[in-house]
Structure formats: C-alpha cells, structure tokens
Amino acid sequence: MKKSKQIAFCGMLSALQLVLLLLGSVIWVFMYCAPLFCGLIMIIIRDSISKKFCFVSYAAVSIIGILSAPDKECIVMYIAFFGYYTAIRDNLQKLNKPLRIIVKLLLYNSTIALSQLALVYIFGIPLDNELGKWGIPLFFVSMNFIFFFYEKLLERIALIYEKKYKNRVDRLLK
C-alpha cells in the first residue's frame, strides 16, 4: 500500500509541476519562475519518496511538457537544468567548497547556453536582443544572480520542509 501512495503522491506533484510549467508558457512573467518553482517541488519528492522518483517525475513532466506546451522556453529551462538539479544537488554538496562552486556554475552556465541554443536552432525561437551587443552578457549575468538566489532558496526551503512538513507528508504516505 505504501508504494502505491508514493506513486500517487509523486504523480500529483508531477501534475502540479506540469501545470506550473504550462502557466509559465502562457504567462510571460512566469516563464523563468515556473521552472524554479518546479525545482522546489522536487524537494518534496526527493526527501519524502526517493531520488529515483525525482528522475521519473522529471522525465514524465519533460516529455508531457515538451509535447503540450505552447511556448517551449519555459519547458526547455526545466529540462535543461531546474528539473533534475534538486536530485543531483546532494552529490554536488559533497565536493569541497571551491570545486563545488566551480562545478555548479559550469553546469548551470553550460545548460543555460545549450538551452538558449536549442531554442534558437531546434525550436526556431529568435533570440530577442533588444539591448544590442550587451544583451547576451547581461542575460547570463542576470541568470547567474538568479542561480545564486535559487541556491540559497533551495537550501532554506529544504530546511523548512525537513523541520516543519516532512513528518506530515511521511505520515500521509504510510
């Protein structure tokens, strides 16, 4: 019975992620926030069920999202980084601090660059460069600030979830 509750709970959280990503595809302001929120939802799956379920949820949401979303930019950001990052973050935390920072920034920046290239060359979405030659560097600098704040938020949300809500969720899944 416990396994079926875990699967159902993971399915509900995956559906919530998909709704957020579809809203991000429709509401312009929510485009970059929705993948971040989905990464925060993955904390619940990772801590209350398992990392394996995180990757299953990531795969399901990615496939359904890419097939059904009207605007692909939000879904591509989720697929490129925010969908799986919560599951692998614990492994990266085991590295020493300077190496951990370098690896995280390299991973983040490379996936953001690849996702933008995929949007341009695979999906045919033009890169809006209204700021001229400074547009792309400003985009990457702003995305790195977002990543810095996302790291802090992820750490704090995980701590709050563990202290306040994990026991409640675990009781539901028994």
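No experiment lies behind these values; they were computed from the predicted model shown.
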#### Entry: Shared hydrophobic cluster for Leu154 and Phe149 (ILVMFWY, side-chain gaps under 4.5 Å)
no
### Query
Do Leu67 and Leu16 share a hydrophobic cluster, counting only Ile, Leu, Val, Met, Phe, Trp and Tyr and linking them when any side-chain heavy atoms are less than 4.5 Å apart?
yes
### Query
Hey, quick one: are Phe82 and Ile27 part of the same hydrophobic cluster, counting side-chain heavy atoms closer than 4.5 Å, chains of contacts allowed?
yes
### Task
Return the orientation label for the Tyr85 and Tyr150 ring planes: parallel under 30°, perpendicular over 60°, tilted otherwise.
tilted
### Task
Determine yes or no for a side-chain-to-main-chain donor-acceptor pair under 3.5 angstrom, with Arg100 supplying the side chain and Gln93 the backbone.
yes
### Query
Do the side chain of Lys51 and the main chain of Ile88 share a donor and acceptor less than 3.5 angstrom apart?
no
### Message
Strictly distance-based, threshold 3.5 Å: is any side-chain N or O of Tyr32 a donor or acceptor partner for the main-chain N or O of Trp28?
### Response
no
### Query
Between Ile160 and Met42, is there a shared hydrophobic cluster once you connect ILVMFWY residues whose side-chain heavy atoms come closer than 4.5 Å?
yes
### Message
Among residues at least two apart in sequence or on other chains, which ones pass salt bridge (charged side-chain N to carboxylate O under 4.0 Å, His left out) with Lys104?
### Response
Glu151
### Phe30/Phe37 under ring-ring contact (aromatic ring centres under 6.0 Å, His included): CA gap, chis, key distance, verdict
CA-CA 10 Å; Phe30 204 50; Phe37 292 144; 5.7 Å; yes
### Message
Quick check against the 3.5 Å criterion: does Ser57 have a side-chain atom that pairs as donor or acceptor with the backbone of Phe53?
### Response
no
### Query
Quick one: does Lys5's side chain have a donor or acceptor within less than 3.5 Å of a partner on Lys174's backbone?
yes
### Task
Give the cluster check for Met77 versus Ile122: same hydrophobic cluster or not, with ILVMFWY residues linked at side-chain heavy-atom distances below 4.5 Å.
yes
### Query
Can you tell me if Tyr58 uses its side chain to pair, donor with acceptor, with the backbone of Ile79 under 3.5 Å?
yes
### Message
To check you understand the geometry: which heavy-atom pair defines the closest contact between Leu22 and Ser68, and what is its length?
### Response
CD2-OG, 3.9 Å
### Message
Under a 3.5 Å threshold, yes or no: a donor from one side chain and an acceptor from the other, between Tyr165 and Ser48?
### Response
no
### Query
Phe123 versus Ile66: any side-chain heavy-atom pair under 4.5 Å?
yes
